[in-house]
Asker: 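I am attaching a structure below and will ask some questions about it afterwards.
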There are 2 protein chains.
Amino acid sequence: MAQKQEYLSKNQKIVLDIIEKSAQPMKAYSILFNVQKKGLKAPPQVYRALDKLVEIGKIHKIESRNAFIACRNSACTIANATAFSICESCEDVKEISSSKLSKYLSNFQDKEGMKYNKYNLEFFGLCKKCK
Amino acid sequence: MAQKQEYLSKNQKIVLDIIEKSAQPMKAYSILFNVQKKGLKAPPQVYRALDKLVEIGKIHKIESRNAFIACRNSACTIANATAFSICESCEDVKEISSSKLSKYLSNFQDKEGMKYNKYNLEFFGLCKKCK
DNA sequence: AATTTTATTGTTATATTATTACATAGTTAC
DNA sequence: GTAACTATGTAATAATATAACAATAAAATT
């Protein structure tokens, strides 16, 4: 297992910063638009930073929405094991950090007895406000 | 809850047919290429069929791969509650049908006591062959 | 049967999301 | 200091998905 990188590069900091300031997931091109004043002009600059940030667990990708959200788990140890609840009305997204759930899922065995320590789970429904 | 539709339209049949013949998930434009000999020439024709087939549970979308796979569960009752294992090496995808897992997940309550009967879970790892 | 409504189709164009490729510069390890 | 690696800048393009509109066809209502 590769050691987690301890510092962030200039572009990675800029991209992480903008994502952390958003309560909700951000799309790549929205991030791009927001960081243009900081000198990041082209998609690859953003996508490279996103790739790295996902890899080290600072952010997560919400696959069903093609959007990126900052990890709020103190230690970001669950970069590979993520769970979210998504409101289908207002698109509010919350990361779920339940050790019970993560234990259950990392211990889950399929029919061939195989286990997985990497997974992504997205729950859909209506949030409190929208219900 | 809306009644499930009992028949498929011409284009829906064509698209479903090609997906069912594939052991692995298919991408939309690969489907498009394959159905051009049957007269479906433009992306919207394929995407509309895909949307409908997903809605009625005949196929599922593998969100992390932007690809579509036929549902192999007899009754297709779990259109809203899907789980897959994905091999990160050969990209082999298998639908997981475990009533234990689906019960666990549909009974899962988040910190606010909220339950979700709709979810998508994608497990990642190496399949038998690739391990 | 005629009307109305709903679902489906065909088509063009375009929007959105993401990557390739290549040149350059900075950092780290030896 | 040089080699190896990591990050950056830039242009071009690939891949994924939707909007908008006109036309048909099928189903439901009268």
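FYI, side chains are in, hydrogens and waters are out, and symmetry mates aren't considered; it's all heavy atoms of this structure. The sequence lines fix the lettering, A, B, ..., with proteins before strands; numbering per chain opens at 1.
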Asker: Can you figure out which of dT12(C), dT8(C), dG10(C) approaches the side chain of Lys10(B) most closely?
Answerer: dG10(C)
Asker: Which sits closer to the 5' end of DNA chain C, Arg48(A) or Pro44(B), going by the nucleotide each is nearest to?
Answerer: Pro44(B)
Asker: Give the nucleotide from the list dA17(D), dA7(D), dT11(C) with an atom nearest to the side chain of Ala28(B).
Answerer: dA17(D)
Asker: Check this for me, if you would: do Asp17(B) and Lys21(B) make a salt bridge, where the nitrogen-to-carboxylate-oxygen distance has to be below 4.0 angstrom?
Answerer: yes
Asker: Can you confirm whether or not the ring centre of Phe108(B) sits under 6.0 Å from the ring centre of Phe123(A)?
Answerer: yes
Asker: Ignoring backbone atoms, test whether Ser9(A) places a side-chain nitrogen or oxygen under 4.0 Å from the OP1 or OP2 oxygen of dT6(D).
Answerer: no
Asker: Write down the distance between CD1 (Ile62(A)) and P (dT17(C)), rounded to a whole number of angstrom.
Answerer: 14 Å
Asker: CD of Gln45(B) versus C1' of dA7(C): gap in Å, rounded?
Answerer: 15 Å
Asker: Can the ring centroids of Tyr104(B) and Tyr104(A) be said to lie less than 6.0 angstrom from one another?
Answerer: yes
Asker: Just the rounded figure in Å: distance from C1' of dT20(C) to CG of Asp51(A).
Answerer: 13 Å
Asker: What nucleotide among dA7(D), dA17(D), dT8(C) has an atom nearest to a side-chain atom of Tyr7(A)?
Answerer: dA7(D)
Asker: Figure out the CG/P separation between Leu32(A) and dT19(C), and round it to whole Å.
Answerer: 14 Å
Asker: Is it possible for you to say whether Ile86(A) and Val54(B) belong to one hydrophobic cluster, with membership spreading through side-chain heavy-atom contacts below 4.5 Å?
Answerer: no
Asker: Please tell me which of Ala49(B) and Asn66(B) maps to the more 5' nucleotide of DNA chain C, matching each residue to the nucleotide holding its nearest heavy atom.
Answerer: Ala49(B)
Asker: Check if the side chain of Tyr29(B) and the base of dA14(D) share a donor-acceptor pair of N or O atoms closer than 3.5 Å.
Answerer: no
Asker: Please determine if a side-chain N or O atom of Lys52(A) lies less than 4.0 Å away from the OP1 or OP2 oxygen of dA7(D).
Answerer: yes
Asker: Side chain of Lys61(A), heavy atoms from C-beta onward: which of dT8(D), dA17(D), dA18(C) has the nearest atom to it?
Answerer: dA18(C)
Asker: Considering just the side-chain nitrogens and oxygens of Gln12(B), establish if one lies under 4.0 Å of OP1 or OP2 belonging to dT8(C).
Answerer: yes
Asker: Round to the nearest Å and state the distance from Lys41(A) atom NZ to dA12(D) atom C1'.
Answerer: 16 Å
Asker: Starting the side chain at C-beta, find the nucleotide from dT11(C), dG9(D), dA17(D) nearest to Ala42(B).
Answerer: dT11(C)
Asker: Given Asn80(A) and Tyr119(A), is the side chain to side chain donor-acceptor pair (under 3.5 Å) satisfied, shown in steps?
Answerer: CA-CA 6 Å; Asn80(A) 296 326; Tyr119(A) 60 77; over 6 Å; no
Asker: Between Leu8(A) (CG) and dT8(D) (C1'), how many Å, whole number?
Answerer: 16 Å
Asker: Going by an N to O cut-off under 4.0 Å, is there a salt bridge joining Arg65(B) and Glu63(A)?
Answerer: no
Asker: Rounded to whole Å, please give me the gap between CG in Leu50(A) and P in dT19(C).
Answerer: 10 Å
Asker: When you measure from the side-chain N and O atoms of Lys27(B) to the phosphate of dT16(D), is any distance below 4.0 Å, counting only OP1 and OP2?
Answerer: yes
Asker: From the set dT16(D), dT10(D), dA7(D), return the single nucleotide nearest to any side-chain atom of Tyr47(B).
Answerer: dT16(D)
Asker: When the distance from CZ of Arg65(B) to C1' of dT17(C) is rounded to whole Å, what number comes out?
Answerer: 16 Å
Asker: Which nucleotide wins on minimum distance to the side chain of Pro43(B), given the candidates dT18(D), dG9(D), dT19(C)?
Answerer: dT18(D)
